[in-house]
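Numbers here are sequence positions counted from 1.
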Amino acid sequence: MSQQGDTNQTLGTPVQPIGTTDRPGGTDPELQDTAAAQAAAPVTASITTLGVRGEEREDFTKAESKRLRRRSLALLGSLAAPLKMRLVLLGVVVVISTAGTVAGPALIAWGIDNALPAVLDQNDWVPAFAVVATYIVVAVLGAVLTAWYTVLAARISQAILFDLRKRVFLHTQRLSLEFHETYTSGRIISRQTSDLDSIRELLDSGLNQLIQGVLYMAFTAVALVVLDPTSGLVLAVSLVPLWFLIRWFQTNSQTLFRATRVASARVIVHFVETMTGIRAVQAFRKESRNRDEYGGFVEDYRVSNTKVFNLFGTFDPVLVLIGNATLAAVVIVGGFRVVGGTLEVGALLAVALYAKRFFDPAQELAMFYNGYQSASAAMEKISGVLEERPSVPDPVKPTKLADARGKMDFDDVVFAYNKGKVVLPAFDLHIPSGQTIALVGSTGAGKSTLAKLMARFYDPTQGSVKLDGVDLRDLDTNDMRRAIVMVTQEAYLFSGTVADNIALGKPGASRAEIEASAKAVGAHEFIMALPDGYDTDVNKRGGRVSAGQRQLLSFARAFIADPKVLILDEATASLDIPSERLVQEGLETLLADRTAVIIAHRLSTVAIAHRVLVMEYGEIVEDGTPADLIAGTGRFAQLHAAWRDSLV
C-alpha cells in the first residue's frame, strides 16, 4: 500500500472568508475588517475560485470573475478602512488642487474677452492685474496642494502595502503543514515579491493618475459645459466611441493580465525550485534540461507581455484619434459661431484648451488601467492565499495543560490525506508516560504519518489523538507545542549563531543552559572547534556545519526545550557511524524521563527503545520489546538479522 500522502497531498483545505480563523474568539484581529467585507461575497460562487484553487487558470466564467473581483475589493476595502480620515483629507486636497488647475483656461478666456478690451478701450488695467494675480495665486496654491497630495498619497500607499505584506506573512506562517506541502515556496515568494510589487506600482503612481485624471476630466467637462453648452454637446458625442473603446480594452486586458501573472509565477517557482535543489541539479546533470524548461517559461512570459503591448498598441492610437477628432470638431463648430458672432474668441480658445485637456488624462488613465489590471490579477492571487484557512485549527475553547506527563493515546484513529485513500486504517495505540517507542517498517508503511498526527501537523479523519487524556484538537496550542517536540531528518538552521539556533527551543535561555544542552547530546566538542564557538554564524541552511552537525544542533535544541513527548523522525539518518555512536550516548540523556517515539531504519537506534512497533500498510503488525521481537520469527527479527549480517 502506497503512502503517497506522506509528502504528496493535494490541496483541498476548507476555506473561509478572508480574515476569519479558528482561534479562540473566532476572529483574527489582524484580518477581522476583511472578514466583514468578505461577507458580501456570493456564497454560491463556483468552488473552483475558493482559496488558491484555480489560480493557474485564465478562463474564468463571468460568475467566477465577479467573485474574484469582489474578493479582491473586499481585501482592498479592509486595508483602506483604518485610513478613512487620511483618505478623506486626500480627497479634499485633490479636489481643491484639481479645481484650481481646471480654472486656468476659464481665467484666460475672461482675460481675453473682458480684461483685454478694458485695457484697449478704457486703459483700465485693474481687471488685467486682477486676472494675472488670480492666475498666479491659483497656480501657487495648486502647486502646494499637489505637493501635499503627493506626500499623503505616498504615506497611504505605504501603509496599505505594509499591512498587506504583514498579513500575507502572518497568514502563510499560520497555515497548516498540509498547505505548505502542496503550495510550493516559489508561489509564496511570488505572492510576496512580484505580486506585491505590482500592487505597489499601482499605489505609488496609478493612484495619483486615477484620482487626478478622473477629477480633471470631470471638472473639465463641467467647465466646458458651463462656458459653452454647444461645445459640451460635441464633447458628449465623442464619449460614445470612447466608451466602446474602453469597454473593448477592459474585456481583453483582464484575461491577458491574468496570463502574465500566471506566467510570472511559473518563472519564479521554477527558479526557486532549481536554486533550492541545486545540489541535485548538478549531481544529475540536469542543467540543460532546466535551461530548456526555464526558457520555455520565460518565453511564455514574454509572449503574454507581448500580447499586452499589442493591446496598448491599438488602444493608445485610437484614443489619440478620438481626442484629436473631438478637438477638431470643437474648433470647427466654435469657429463658425465666432464668425456668426455667437461666441467670443476667448471662449473659443478656452473650450479648445478644455477639449484638448479632457483627453490628456485619458491617456494617463489608460496607463493606470494597465497597472490596475496587473495589480488586480495580483490581488486575486494574494486574496486567494488569505482566504485559505488552517486545516489544523486552533481550538475555540482551549484546554490548558501546564504540567504534561507525556501519556499518548490513539483511540479508533483513521487517517486519510485530504479525504483520499486511507493511509492509517482504524487502530488504537497507547503509550505510557516515559516510555520510548521505536517505529520500524518499510517505506510508506505510515510511520511518518503517525508521527505527524502525534505532533498535530494533521488531525485524524476519525477518532482522536490524546495527550494525558486531552484531545490534541482541544489542547491549548502553546501548551501542546511546549509538551511535544518533533526532530526531523532535515535539521533546518536559521540565520544567526549556533547559540541562537539552540536557544530556539527555549527563548531567553542562558549561555550555561545552551552549553549544557549541547554537551548532553555530544555537540559541544565540534561547536568549540568552530571559528567563533557558540557565536559562529551558521549562515543560511547551516553552511558552515555538516549535515550531521546540523542534526546534533537540532538535538540540542530539542533537549533545551525539555518536552514531555519527543518525536525523532529519521533524525539520525544523516549521521555517520562515529557521529551516530556519539549521538547514541546523547540520546539516552535526551530521552530520559520523557515519552519518545523514534522512527528509524537504522536498527542500532532501536536498541535504546523500551518497545518496538512494526508497521506495514498503515497497521501495527508487531508490538513488543526489542529482545522479544528479535527472539521471535516475525518481521522485526528478519530485519534485525539482515542488519546484523550487513555489519559482517
Exercise: do Thr488 and Asp569 side chains pair donor with acceptor under 3.5 Å: no

Is it true that a side-chain atom of Asp500 and a backbone atom of Thr497 form a donor plus acceptor pair closer than 3.5 Å? yes

Distance-only, no hydrogens or angles: does the Arg481 side chain make a donor-acceptor pair with backbone N or O of Ala455 under 3.5 Å? yes

Is the number of heavy atoms from other residues, nucleotides or ligands under 6.0 Å of Met85 CE greater than 12? no

Without swapping roles, check the side chain of His171 against the backbone of Glu388 for a donor-acceptor pair under 3.5 Å. yes

Ser176 side chain vs Val392 backbone, donor-acceptor pair below 3.5 Å: yes

Donor + acceptor pair across side chains of Arg191, Tyr183 (<3.5 Å): yes

Spacing of Ser376 atom OG and Arg69 atom CZ [to the nearest 0.5 Å]: 8.0 Å

To the nearest 0.5 Å, what is the distance between CG on Leu386 and CG on Leu164? 7.0 Å

Classify the side-chain pair Thr477/Arg482 by whether it contains a donor and acceptor separated by less than 3.5 Å. no

Rounded to the nearest 0.5 Å, how far apart are OG of Ser554 and CG of Leu504? 11.5 Å

Would you call the rings of Tyr417 and Tyr458 parallel, tilted or perpendicular, where under 30° means parallel and over 60° means perpendicular? perpendicular

Does the pair Asp163/Lys166 count as a salt bridge with the N-to-O cut at 4.0 Å? no

Output, in order, the C-alpha distance, side-chain angles, deciding distance and verdict of side chain to side chain contact (heavy atoms under 4.5 Å, CB included) for Leu475 and Leu467. CA-CA 8 Å; Leu475 191 58; Leu467 172 62; 3.9 Å; yes

Pair Ser391, Glu178: side-chain N/O donor-acceptor within cut-off below 3.5 Å: yes

List in chain and number order the residues that pass side-chain hydrogen bond (donor to acceptor under 3.5 Å, both in side chains) with Asp471, two or more places apart in sequence or in another chain; answer none if no residue qualifies. Arg473

Salt bridge check: are Arg71 and Glu387 linked by an N-O gap of less than 4.0 Å? yes

Return the set of residues passing side chain to side chain contact (heavy atoms under 4.5 Å, CB included) with Arg511 (not counting sequence neighbours), or none when no residue passes. Ala499, Glu515, Tyr534, Asp535

Any side-chain heavy atom of Asn501 sitting closer than 4.5 Å to one from Val538? yes

Would you say the side-chain atoms of Thr461 pair up with the backbone N or O of Ala416, donor to acceptor, closer than 3.5 Å? yes

Taking Ile189's backbone N and O only, do any of them form a donor-acceptor pair with Gln192's side chain (distance below 3.5 Å, no angle check)? no

Beyond-backbone contact of Arg557 with Leu553, side-chain heavy atoms, under 4.5 angstrom: no

Got a second to check how far Ile199's CD1 is from Ser157's OG, nearest 0.5 Å? 12.0 Å

Main chain of Thr260, side chain of Ser264: is a donor-acceptor contact present, judged purely on distance under 3.5 Å? no

Side-chain ion pair, Asp195 and Lys381, N-O less than 4.0 Å: no

Among all residues two or more places apart in sequence or in another chain, which pass the side-chain hydrogen bond (donor to acceptor under 3.5 Å, both in side chains) test with Glu293? His270, Arg289

Nearest-0.5 Å distance, CD1 of residue Ile160 to CG of residue Leu203: 5.5 Å

